[in-house]
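Here the structure comes first, spelled out in structure tokens, and everything after it is commentary.
Below, read A as the first sequence line, B as the second, and so on, with proteins coming before strands; counting in each chain starts at 1. All heavy atoms count here, side chains included; hydrogens, waters and symmetry mates do not.
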Amino acid sequence: MSDLFQQESPLVQIEFSEPKGAAPRIEEKPFNGYLNLRGRSDHTGFIAGVLKVLGVEAPTEANTVIDAGDNRIYWFGPDEWLIVTKPGQQTRVRNDLLAAFAGVFSSVVDNSSGLTTIHVTGDNAAALIATDCPLDLHPREFKPGQCAQTRLAKAGMTISPLADGSGFELIIRRSFADYLLLWLQDAAIAFE
Amino acid sequence: MSKYSIFSLVRNAISYHENWAAAWRSPEPKQEYDALIIGGGGHGLATAYYLAKEHGMTNIAVLEKGWIGGGNTGRNTTIVRSNYLWDESAHLYEKSMQLWEGLSQDLNYNVMFSQRGVYNLGHNLQDMRDIQRRVNANRLNGIDGHVVSPEEIKRAIPEINIDQGCRYPILGASFQPRGGVARHDAVAWGFARGADRYGVDIIQNCEVTAIRQENGAVTGVETTRGRINAKKIGVVVAGHCSVLAEMAGFRMPIESHPLQALVSEPIKPIINTVIMSNAVHGYISQSDKGDLVIGAGIDGYNGYGQRGSFPTIEHTVAAICEMFPIFKRVRMNRQWGGIVDTAPDACPIIGNTPVEGLYFNCGWGTGGFKATPGSGWVFAHNVATGEPHELNRPFSLDRFVTGFLIDEHGAAGVAH
Amino acid sequence: MSQRFRTAQGGRVDREREIQFTFNGKSYTGLAGDTLCSALLANGVHMIGRSWKYHRPRGVMSAGSEEPNAIFQVEKGNRTIPNARGTQVELYDQLDASSVNCWPSLDLDLLSINSKFSRLMPAGFYYKTFMWPQSMWMKYEHFIRKASGLGESPRELDPDRYEHTHAHCDVLVGGGGVAGLSAALAAGRAGARVIIADEQSEFGGLTLASKARIDDGEASQWIENAVAELQQMPEVTLLPRSTVFGYHDYNFLTINQRLSDHLPLAERPASREKLWQVRAQQVVLATGAAERPLIFANNDRPGIMLASAASIYSNRYAVQPGSRAVVFTNNDSAYQSALDLKAAGVEVEAVVDARAGSDSELANTVRSAGIQVINGSVVIDTAGRKRLSSVQVMRLSAEGSSVSGETRALSCDLLAVSGGWSPVVHLNAQSGAKPVWDEANAMFRPGEPTQAQFSAGGANGTLDLAGCLQEGAAAGNQAAIACGFEASTQPARAEPIDSQAILPLWLLPSPYTPGRGPKAFVDMQNDVGAADIALAVREGFKSVEHVKRYTAMGFGTDQGKLGNINGMGILAASMGQSIAATGTTTYRPNYTPVSFGAFAGQNLGDRLFDPVRKTAMHAWHEENGALFEDVGQWKRPWYYPKDGEDLQQAIDRECLAVRDSVGILDASTLGKIEIRGKDSARFLEMIYTNNWMKLEVGKGRYGFMLGEDGMVMDDGVTIRLAEDHFFMHTTTGGAAGVLAWMERWLQTEWPEMEVFLTSVTDHWATAAVVGPKSRAVVSAVCDGIDFSAQAFPFMASKTGTIGDVECRVNRISFSGELAYEVNIPANHGRFMWEKLMQAGAAFNITPYGTETMHVLRAEKGYVIVGQDTDGSVTVDDLGLNWALSKTKDDFIGKRSLSRPDTVRKDRKQLVGLLTEDPQTVIPEGAQLVDDPKAPTPVPMIGHVSSSYYSACCGHSIAMALVKGGRDRMGDTVYASLAGGRVIEATITESVFYDKEGAKADV
Amino acid sequence: MFLIECPWCGLRDETEFSCAGEAHIARPLETEKLSDEEWADYLFMRSNPKGAHREQWLHAAGCRRYFNALRDTVTYKISATYKIGETPPSEGKK
Ligand SMILES: Cc1cc2nc3c(=O)[nH]c(=O)nc-3n(C[C@H](O)[C@H](O)[C@H](O)COP(=O)(O)OP(=O)(O)OC[C@H]3O[C@@H](n4cnc5c(N)ncnc54)[C@H](O)[C@@H]3O)c2cc1C
Ligand SMILES: NC(=O)c1ccc[n+]([C@@H]2O[C@H](COP(=O)([O-])OP(=O)(O)OC[C@H]3O[C@@H](n4cnc5c(N)ncnc54)[C@H](O)[C@@H]3O)[C@@H](O)[C@H]2O)c1
Ligand SMILES: Cc1cc2nc3c(=O)[nH]c(=O)nc-3n(C[C@H](O)[C@H](O)[C@H](O)COP(=O)(O)O)c2cc1C
Ligand SMILES: [Zn+2]
């Protein structure tokens, strides 16, 4: 049995169905790796460690996300990032980072089961999310390459526009995932 | 001044209501009084009334910066109950309840005190433990009340949703039959008229801008209508108490927060009691005029703006719709906010201050309307004698130094 | 066609589409495009309701949101709407409307008797009576309540849904009359993101009912073009049927959009309303101006309406609002109404103008149309019971303060009144500005904005069409420029009109002695008359806010839109002061009432009212019959009843299974925080009350967190994973708070500390495997760990694998049994759980929930923060002094522990209780007394915080906080319960089971 | 409804934040040496001004950073936000 077979997404109790009418498509991209990265962005050892393992520096511009090969790095705060890896890669990336940070004030914490990713796509993707997200999702204001930690209804999320402009990626917490999906599905009724 | 009654009403109707006297005079402030009460809310006016009535101090004035009753007294959801957990609170609020029970007659002013009962709902097992604890304590303190089941609640309030499958199901409630509501404005006006009858000067549009003291004792105040002297000053300004404390040179353990409320359009009677839920943050009763009167939770920031933030209202209305799904098509007519003075232990501060002759009565936060007569009664004692009454002794400012807090947060779930 | 008062042509109604509706049970027809009121008027129905207090017959006063009288119950059953304003209810097929607040019927309303006693019911009469005997008030109140209120609340569940949306824009335009449309065009053409909202079904505002011309065409054509152009702009959102009802701080505005109420019941979409929460860079308020009536005796009869409403009904709805009209005014605009009425085929008896002369172009047009103009005169009274039949007119003295001469009766069934115009400053005032009195034009103009905001058109006090167009375009341009766009739209053109000054009039002079004549109404909905205002002043209620509260003026569903300005004028006159000095009452949301459902949106019901947080094993618990307990937002298994078991039977079984063999508990909800950095131990020394520097790597320790007030705030086990790496557990309910609390100290007080915190609550699924057979179970499931007692002692932590997934096992016990908490990344949570169940099958492994967990821990005397503590309990009160470091200089809350009250000897202390009768369980929350027979108030010595029947001990056990309890071992105390029931109990230590702690130590 | 400029994330909606009360209340260093009055002063006494107020906010749904704001408690206008450790702007009274 490979370990992937032993996994269950937080959304196991949710039924995903084909969108009706003009409702956006909502799908899960399960089982990515999620690493919470902490460090002082002005510390050379830290910068070098990230560069060494991920091939890029952690973004220091607020509310941005960058691609780093197979991985993506989201700015979370002045000393905090989220690294999203391909499924199953998290342990290797974590161990490499931990090794690269030897002696450097930093933290790399595996939160892979704590988060999951949702894609909301289609013409009304922004409208669906805007039902209860206070962020301005207009393409003039929120472009691919940007990301934001904000809220959706009564739960937190990290949102970023998909590169192809088809919609948004939402990274949400496991224990709120069920609620948020039910919430989005209910909100989608307005577009059916 | 004529007494109010059905006979005086008929008599005056015959003379086209041309002969009603003013409910209170609007005198010019004198240069000096035996005592000043700063703040013309319910508490300040009640203090003046009882100072005159119980302590014979009639050469006194109430100074109000705006119009009397325009502070929290005029913007609260009017819930009256005395079923508090801790002995100290229970005794104080019960004293108030007893005064409420004869208040219209005592004041000769119908304050429409309506003892329609108050339900405090429990939504989880810990809520129910707390409710049991409080009701048991109330009973031993001689305060009416009992624990009721969801079915009993439903019988009394057929409109309520007791479905056990809902997000925060109603598991039960405490019920205090003697609790209820009153007509808030009438409370201020009734006390004002009552105090005026004893000769108390009620001076509106008179903002206190400085407190004068000599050798650690008060001598008077500066106001927007000039200097007024007095050797005893009672400060009863609710949300503004820190501002007044600063004038007197000390700080208070108080934060002033917006607290919001709203009313629906008037509808025919449908809610015949008072329902409070701390867990989902909604409080509801129906005024005699027919509007549903709904109170929200506090806004998290300090604010003197008499307005709060929209999400607070949004959540409160959702909570009401969750408890009363049939009200979704009823409409909200108006929303507003007050400035509540919250203390760390959610209990009032009543008593002496570091300045001699200066007394403070504040910290009633989200729940002082119910205490209006009792608060005035004990504070009058304190101002008149210079010493706290037994009922307000535990509520002194120095409890923050000794640590003797009367924490009504935890178990009693204080609010309104 | 039964619509006898429908004009032959014109209007914006669709003559091809007849619509059936019923009013008070009687069937009528109207046309598509009608409102309920216009359709009723088309059928000659003028008396549509009764007033609130005196039950006087009332008719339609206006054609908009200011309507005080035309209040209906629309529909019955689950789609009923109480208090719908008939002027804004769009007619749809089979609409069912009835009057509110009259019984048994509108025609014969028994409470109209009140009108006979109206002299006994002046403002505030209830404060003066109903006081004797004291006990009777509740009876009086019962009848008072029955008599008040307007419509009926729904009694059935609402089938409709309500939506929310957040929106952002450069320019929000509130109001879509010509001023608003001009602003939207200007901003939209500049490229700005624009939202324009209007409460009506069509954009265009008052001008829809106007025959004026814009840009050399009909005004209505210009409106149509403007709307079409806006619709083409991708960045412009047009919201019809959308009321901007709140203007909050930081240019946050709320809009209620009605999606379905205008459709026949059968055709309605799922969503009824949508609440827009808008952040605007700039706001243009173009909410128009509202006409005021005039205040004279009996000014409330059906058939009396605003002159502008008469125009709107004539021009927009193609209805004759009467057959024979008198127009009564103090300004020019009503002359247009006279022309409009005449054009609609209404006979216009006269225009009565309070001004001595009127020679504006408009007035002259009226004269030349053959309409008589009676200058220098006012209406002093009216006649007609359920419909106006005539008005009486007298001459006004030159200085305007009295009337004289002959009374002249003019017979008419319509009186169109105009007392001038009031800019709709509501939103401007809500936003924080203070309206400014303009004496010359007798109006409150919008105040100096306190936010990024413009007012334009009628809303700004500009009443002529050309001015409205010009101001709208200017505001739109400026707003767009302020957002960084280039904007230069030229305003549309209209003919300027000459007009003559208004003669401000509040309470009109009349031959009656003030206060003695018939009532002259100011607030029609609340039956507040001019005499009530005078009475309030006489009684000392002099502030405008006092007058509002004493008389109820402006308290109605119209919030005084129609009456307040007149009321303030009358109040000012009564007080002998200016209107500017009198001021307005406070403007607040909602501009018009908004249904509760719209506020709640979709945030309702078992799934969406509040997040339901679930663990990775949730589905398994459901499948296996668990009942759940709410702990914070989490659902935790409470117990797992087997067929027919009640709570007690289930927990007896669960408890015994754990103590005898092995049980399993989902502990995933505990808060989990990773703490990293070289100062982590030092940080924990401050956060917890005990010592952390010397904790071995691989070992855990139990700790208490205090608030700075010294009271217990949270507890849990923290494990040292490396010198600079800890793993903290918090309580389920406390998790978020503890993280924020620790971050706050780190970020604000000790930023130099090298510590990073990361919440991993959601990442780990945790199963507590508990009981003598737990070692066998976990050994069978987890690889790579030596579970022997020596290798894996109590409070140790090890990593291993389950399958090929890394897991962490902590030997922690909250039950006094040998126990292991097995943690695995939550995606594998159910997999782990099922493995453990499989491995445990041999030992009859028993899943248990929070209730059994509570009993097990109580048997051991372990406390639960939040149940055995309430924010007023210290560690010492709990008898857990060992957890307070004696060696640390400081930790959070330490100083508070030496305050006079915290060192008191008679503080309440946690003790155990054993009941006299071992089968009796003291209810939790019971109060304890020494003497149950003591007179009230009975002194209380403490209360029972936890209490259970313990199947393992074979008797009931309880924990209680008792004054000086630790010095009272062996004393008898009494739990005093409702109904005089008393339970006797003895104070004991709080450990009831395995006092030596032998069971965990194996 | 405030729009708050997080010094890290920029302008965000009030609902992403929570207010953490008066700012610049330093925890005393040697707490054991304080009198009960001094300790009570630190614990409970607040300036609670009507007007300019320095207060802490947490960008709870965003970057999870605490920061300070200078806000008027009457108009609710935020005249500045600044990072922890930065000197407060001098506007406002006191
Ligand atoms: C929305 C809301 C709902 C509430 N619901 C309830 C409830 O259901 N039940 C309940 O028991 N309590 C409730 N409360 C709390 C209750 O309203 C207050 O505790 C109580 O009214 C306080 O009365 P007061 O007389 O002390 O204060 P206020 O009525 O606020 O009076 C203080 C007065 O002092 C004046 N003042 C201030 N500064 C000065 C100065 N410098 N010079 C002169 N005068 C000054 C003010 O203008 C004001 O009139 C609620 C409060 C609010 C805001
Ligand atoms: N002759 C006169 O004395 C006189 C007086 C007043 C107005 N007028 C005429 O009226 C017109 C005024 O144009 P205007 O555009 O300024 O005003 P308007 O009254 O035509 O339009 C205002 C619009 O705002 C809407 N509205 C008001 N409050 C709203 C809210 N809170 N939310 C959503 N919508 C709301 C109204 O439904 C209306 O459609 C001009 O044609 C002017 O000449 C003439
Ligand atoms: C118990 C209670 C009932 C109220 N009922 C109404 C009402 O029926 N109609 C109304 O317009 N306002 C009602 N109000 C609100 C007041 O109009 C007003 O908003 C409130 O007293 C705050 O004052 P302000 O808005 O002038 O600041 C009520 C207020 C209270 C406290
Ligand atoms: Zn931020």
Checklist entry - Once the angle between the rings of B:Y4 and B:W20 is folded into 0 to 90°, is it parallel (under 30°), tilted (30 to 60°) or perpendicular (over 60°)? => result perpendicular
Checklist entry - Where on C:V537 is there a heavy atom nearer than 4.5 Å to chain B: the side chain, the backbone, both, or neither? => result neither
Item to check | B:S104 side chain vs B:V111 backbone, donor-acceptor pair below 3.5 Å | outcome: yes
Checklist entry - Which bit of B:L171 is near chain C, if near means a heavy-atom gap under 4.5 Å: side chain, backbone, both or neither? => result neither
Checklist outcome for this item: So, the part of C:D160 with a heavy atom under 4.5 Å from chain B: the answer is both
Next on the checklist: Between C:S896 and chain B, with a heavy-atom cut-off of 4.5 Å, which part of the residue counts as in contact: side chain, backbone, both or neither?
Outcome noted: neither
Checklist entry - Which is it for B:S114 and B:R116 under the side-chain hydrogen bond (donor to acceptor under 3.5 Å, both in side chains) test, yes or no, and what are the steps along the way? => result CA-CA 6 Å; B:S114 170; B:R116 50 179 83 169; 2.9 Å; yes
Checklist entry - With a 4.5 Å limit on heavy-atom distance, are the side chains of B:M323 and B:E159 in contact? => result no
Next on the checklist: I want to know whether C:W132 and C:Y140 have ring centres closer than 6.0 Å.
Outcome noted: no
Next on the checklist: Between B:R307 and C:D249, does the salt bridge (Lys or Arg N to Asp or Glu O under 4.0 Å) criterion hold? Intermediate values first, please.
Outcome noted: CA-CA 10 Å; B:R307 65 191 191 283; C:D249 292 295; 2.9 Å; yes
Checklist entry - Given a strict heavy-atom distance threshold of 4.5 Å, which part of C:D261 is in contact with chain B: side chain, backbone, both, or neither? => result side chain
Checklist entry - Among C:N526, C:I144, C:L150, which residue meets the side chain to side chain contact (heavy atoms under 4.5 Å, CB included) test with B:K289? => result C:N526
Checklist entry - So what's closer than 4.5 Å to chain C heavy atoms on B:F113: side chain, backbone, both or neither? => result backbone
Item to check | Contact origin within B:D185 toward chain C - heavy atom pairs under 4.5 Å | outcome: side chain
Checklist outcome for this item: So, the part of B:A90 with a heavy atom under 4.5 Å from chain C: the answer is neither
Checklist entry - Are B:R183 and B:N110 close enough that some pair of their side-chain heavy atoms sits under 4.5 Å apart? => result no
Checklist entry - For C:E141, is it the side chain, the backbone, both, or neither that has a heavy atom closer than 4.5 Å to a heavy atom of chain B? => result side chain
Item to check | Plane angle bin for B:W189 and C:H546 - parallel if under 30°, tilted between 30 and 60°, otherwise perpendicular | outcome: perpendicular
Checklist outcome for this item: Highest number of heavy-atom pairs under 4.5 Å with chain C among B:Q132, B:E265, B:Q115 belongs to B:E265
Next on the checklist: Keeping B:E322 on the side-chain end and B:Y168 on the backbone end, is there a donor-acceptor pair under 3.5 Å?
Outcome noted: no
Checklist entry - Between C:E156, C:Q559, C:R904, which shows the greatest number of heavy-atom pairs under 4.5 Å with chain B? => result C:Q559
Checklist outcome for this item: Turns out that what part of B:Q126 lies under 4.5 Å from chain C's heavy atoms comes down to side chain
Checklist entry - Given a strict heavy-atom distance threshold of 4.5 Å, which part of C:M138 is in contact with chain B: side chain, backbone, both, or neither? => result side chain
Item to check | Top of C:R79, C:E273, C:K635 for chain B proximity - count of heavy-atom pairs under 4.5 angstrom | outcome: C:R79
Item to check | Part of B:D163 within contact of chain C (heavy atom distance under 4.5 Å) | outcome: neither
Checklist entry - Which bit of C:A147 is near chain B, if near means a heavy-atom gap under 4.5 Å: side chain, backbone, both or neither? => result backbone
Checklist entry - Is chain C contacted by the side chain of B:I294, its backbone, both, or neither, given a heavy-atom distance below 4.5 Å? => result side chain
Item to check | Which portion of B:H146 sits near chain C, non-hydrogen atoms under 4.5 angstrom | outcome: neither
Checklist entry - Are B:V330 and C:P154 side-chain neighbours, meaning at least one heavy-atom pair lies under 4.5 Å? => result yes
Item to check | Heavy-atom contact with chain B under 4.5 Å, split by part of C:Q633 | outcome: both
Checklist outcome for this item: Interface check, chain C: of B:C321, B:G190, B:G74, B:A192, most non-hydrogen pairs under 4.5 Å belong to B:C321
Item to check | Heavy-atom pairs under 4.5 Å with chain B, option from C:S945, C:S872, C:A978 with the top count | outcome: C:A978
Checklist entry - What option among B:E101, B:R139, B:Q306 has the most heavy-atom pairs under 4.5 Å with chain C? => result B:R139
Checklist outcome for this item: Given C:P593, C:G540, C:P937, the one with more heavy-atom pairs under 4.5 angstrom with chain B than any other is C:P593
Checklist outcome for this item: Looking only at B:I313, B:V135, B:I68, the option with the highest number of non-hydrogen pairs under 4.5 Å against chain C is B:I68
Next on the checklist: Do B:W67 and B:Q204 pair up side chain to side chain, a donor and an acceptor below 3.5 Å, judged on atom types alone?
Outcome noted: no
Item to check | Contacting region of B:N124 [heavy-atom separation from chain C under 4.5 Å] | outcome: side chain
Checklist outcome for this item: One option among B:G102, B:G290, B:P269 has the most heavy-atom pairs under 4.5 Å with chain C, and it is B:P269
Checklist entry - Which region of C:P939, side chain (C-beta onward) or backbone (N, CA, C, O), has a non-hydrogen atom less than 4.5 Å from a non-hydrogen atom of chain B, or is it both or neither? => result neither
Checklist entry - Which bit of C:P611 comes within less than 4.5 Å of chain B, counting heavy atoms only: side chain, backbone, both or neither? => result backbone
Next on the checklist: Go through it in stages, so that I can follow the logic: the residues are C:V873 and C:M711, the test is side-chain contact (heavy atoms from CB on, under 4.5 Å), and I'd like the CA-CA distance, side-chain angles, deciding distance and then a yes or no.
Outcome noted: CA-CA 5 Å; C:V873 176; C:M711 303 300 143; 5.7 Å; no
Item to check | Portion of C:T254 that has a non-hydrogen atom of chain B nearer than 4.5 angstrom | outcome: side chain
Next on the checklist: Taking side chain as everything from C-beta outward and backbone as N, CA, C, O, which of these in B:S309 sits under 4.5 Å from a heavy atom of chain C? Side chain, backbone, both or neither.
Outcome noted: neither
Checklist entry - Mind checking what makes salt bridge (Lys or Arg N to Asp or Glu O under 4.0 Å) contact with C:E75, not counting sequence neighbours? => result none
Item to check | Step-by-step side-chain contact (heavy atoms from CB on, under 4.5 Å) determination, B:N141 to C:M940 | outcome: CA-CA 9 Å; B:N141 270 323; C:M940 286 167 260; 3.3 Å; yes
Item to check | Segment of C:H142 engaging chain B (4.5 angstrom heavy-atom cut-off) | outcome: neither
Checklist entry - So is B:R133 actually on top of B:W86's ring, under 6.0 Å and inside 45° of the axis? => result yes
Checklist entry - Between C:F130, C:Y126, C:F541, C:W52, which residue shows the highest count of heavy-atom pairs closer than 4.5 Å to chain B? => result C:F541
Checklist entry - Quick one: does B:H17's side chain have a donor or acceptor within less than 3.5 Å of a partner on C:L120's backbone? => result no
Checklist entry - With a 4.5 Å limit on heavy-atom distance, are the side chains of C:V612 and C:D606 in contact? => result no
Next on the checklist: Taking side chain as everything from C-beta outward and backbone as N, CA, C, O, which of these in B:N272 sits under 4.5 Å from a heavy atom of chain C? Side chain, backbone, both or neither.
Outcome noted: both
Item to check | Leading residue by heavy atom contact count with chain B [cutoff under 4.5 Å; candidates C:T902, C:L157, C:N603, C:L977] | outcome: C:L977
Next on the checklist: Would you compute the distance between atom CG of C:L961 and atom CG of C:D870 and round it to the nearest 0.5 angstrom?
Outcome noted: 7.5 Å
Next on the checklist: For the interface with chain C, which of B:I406, B:V401, B:I14, B:V317 has the highest count of heavy-atom pairs at distances below 4.5 Å?
Outcome noted: B:V317
Next on the checklist: For C:L608, which atoms come within 4.5 Å of any heavy atom of chain B: side chain, backbone, both, or neither?
Outcome noted: neither
Next on the checklist: So for C:L535, is it side chain, backbone, both, or neither that comes closer than 4.5 Å to the heavy atoms of chain B?
Outcome noted: side chain
Checklist outcome for this item: Between the CZ atom in C:R272 and the OG atom in C:S595, the distance rounded to the nearest 0.5 Å is 5.0 Å
